Amino acid sequence: AVVQAEGYQPAESALLTIEEGIAKKGVIVHVSRGATVSGRVVRKGTDEGIPGTTVVVGEGKETSFLGLLQGFGDLTAIGETDANGNFRVTGAVDGSDHVSVLSDGFASASLEIEPVKEMEERQGVRVEISAGGTLTGRVTDRHGNILPGRMVGAMAPESQDFQQTATDAAGIYSMENMNPGTYFLVSASLDDDSLFKGDLLSTLGGTRFTTAFVPEGGVATVDIVDPSAGGCRVRGRLEKSGVPLPGAALTALGMESTGMLDIRFSTAKSDENGEFEFRSLAPGEYTVQVEAEDWRGPLALVVVDLPEDF
């Protein structure tokens, strides 16, 4: 069990075994005072305080950023600025070295600080935030048809910023309050089951990454061509000497890549009858790598330019 209390570091008890219908008594969890970090969040280049800003203190930039997305984490302490932009976050874990903030109408920000120590009172931390930039554009398939209701994700490796949205009826996407810098853009179908199963490889299958640079205070317009949209649904049966191969992992890798950001791959798995299905493959030549219990190796596959089952 994990215990969190205001002003204290998160603490975890020893492993507990809970039996149905039986009350567990006498559990003792030792907690220790955390550090306190206080300061102010202001608009960049001014002394204007920003109220209602979420402030997270954690160890490492990644930890603090995840704290903003997931709420209370085991290694983060969280608070909010008052009407003047002042904040006071208690219970920070010993060694916390980043203060991350998230505010409506502004780009997220993360400030590195000297690691705090247990029961320390760190004061005077000042975090400046700006409105950031805007990224917009149209998403189409390889034939130029607009794609409404398409998920678009933008990932910035340097700032570790991530945003996602969906295209409107005209195939237009728009993301505001983005940190300036270079982003990788990717699109996927919102009705793709893999989005909800956490299967990132299937979600990105057949995708071509697009790069974009978002300027501070400006608008970047970048159109995306999604080759995986309207591709062929490829079904088949995997056999060895006439015997089905169930539970095989199949990875189709495109052989006509135009560059490092042109992924063109998809994954599938054979069922108990050896049957498999690639949901949407853009036309072209593929090598299908098969990993089965009784056999492994590459197979050649050519997908014709037909938006039909193949």
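Not measured: the values here are computed from a predicted model. The figures that follow rest on heavy atoms only: side chains count, while hydrogens, waters and symmetry mates do not.
- Between V99 and V55, some side-chain heavy-atom pair lies under the 4.5 Å cut-off.
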Check the pair V222 / L135 against side chain to side chain contact (heavy atoms under 4.5 Å, CB included), numbers first and verdict last.
CA-CA 7 Å; V222 178; L135 180 60; 4.1 Å; yes
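- Connection of V290 to F276 is established within a shared hydrophobic cluster, with ILVMFWY side chains joined at heavy-atom distances below 4.5 Å, either directly or through further cluster members.
- Here the closest non-hydrogen pair linking T136 and S174 is OG1-CB, 4.0 Å.
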Walk me through it: do V57 and H98 pass the test side chain to side chain contact (heavy atoms under 4.5 Å, CB included)?
CA-CA 6 Å; V57 180; H98 276 79; over 6 Å; no
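- Counting only residues at least two apart or in different chains, salt bridge (charged side-chain N to carboxylate O under 4.0 Å, His left out) contacts with residues 47-57 comprise R40-D47, R43-E48, D47-R126.
- Between the side chains of S130 and E216, a donor-acceptor pair is found at a separation under 3.5 Å.
- Annotation: side chain of T267 is not in contact with side chain of L250 (no heavy-atom distance under 4.5 Å).
- In this structure, the side chains of M178 and Y183 come closer than 4.5 Å at one or more pairs of heavy atoms.
- You'll find the side chain of V186 reaches within 4.5 Å of the side chain of M155, heavy atoms only.
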Kindly indicate, with the supporting measurements, whether the criterion side chain to side chain contact (heavy atoms under 4.5 Å, CB included) is fulfilled by I129 and V41.
CA-CA 7 Å; I129 58 177; V41 179; 3.8 Å; yes
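- The two residues V152 and M175 make their nearest non-hydrogen contact at CG1-CE, 4.1 Å.
- Residues N145 and T140 have side chains that never bring a donor and an acceptor to within less than 3.5 angstrom of each other.
- Side chains of T53 and F106 form no contact here, defined as non-hydrogen atoms less than 4.5 Å apart.
- Side chain of S266 to backbone of L281: no donor-acceptor contact under 3.5 angstrom is found.
- To the nearest 0.5 Å, atoms CG (D226) and CE (M151) are separated by 10.0 Å.
- The closest side-chain heavy-atom distance from W295 to L245 is below 4.5 Å.
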Check against side chain to side chain contact (heavy atoms under 4.5 Å, CB included), V125 and L111:
CA-CA 9 Å; V125 176; L111 175 69; 3.8 Å; yes
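- At least one side-chain heavy atom of D161 sits under 4.5 Å from a side-chain heavy atom of S108.
- Heavy-atom minimum distance, N177 versus G105: ND2-O, 3.0 Å.
- Hydrophobic cluster membership differs between V89 and V42, with clusters built from Ile, Leu, Val, Met, Phe, Trp and Tyr side chains linked at under 4.5 angstrom.
- When hydrophobic clusters are built by joining Ile, Leu, Val, Met, Phe, Trp and Tyr residues whose side-chain heavy atoms come closer than 4.5 Å, directly or via intermediates, L301 is grouped together with L299.
- Looking only at side-chain heavy atoms (C-beta outward), T36 and R122 stay at 4.5 Å or farther from each other.
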Salt bridge (charged side-chain N to carboxylate O under 4.0 Å, His left out) for E121 and R88? Distances and angles first, verdict last.
CA-CA 10 Å; E121 286 271 353; R88 186 172 186 270; 3.2 Å; yes
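- Under a hydrophobic clustering in which Ile, Leu, Val, Met, Phe, Trp and Tyr are joined whenever their side-chain heavy atoms come within less than 4.5 Å, directly or via other members, V303 and L238 fall into the same cluster.
- Nearest heavy atom pair, residue V139 against residue S187, reads CG1-OG, 4.1 Å.
- Of all heavy-atom pairs spanning V288 and F278, the tightest one is CG1-CZ, 4.3 Å.
- Annotation: R296, atom CZ; neighbour count of heavy atoms from other residues, nucleotides and ligands within 6.0 Å does not exceed 12.
- Residues G247 and K269 come closest through the heavy atom pair O-CE, 3.8 Å.
- R233 and E277 are joined by a salt bridge, as a carboxylate oxygen and a charged side-chain nitrogen come within less than 4.0 angstrom of each other.
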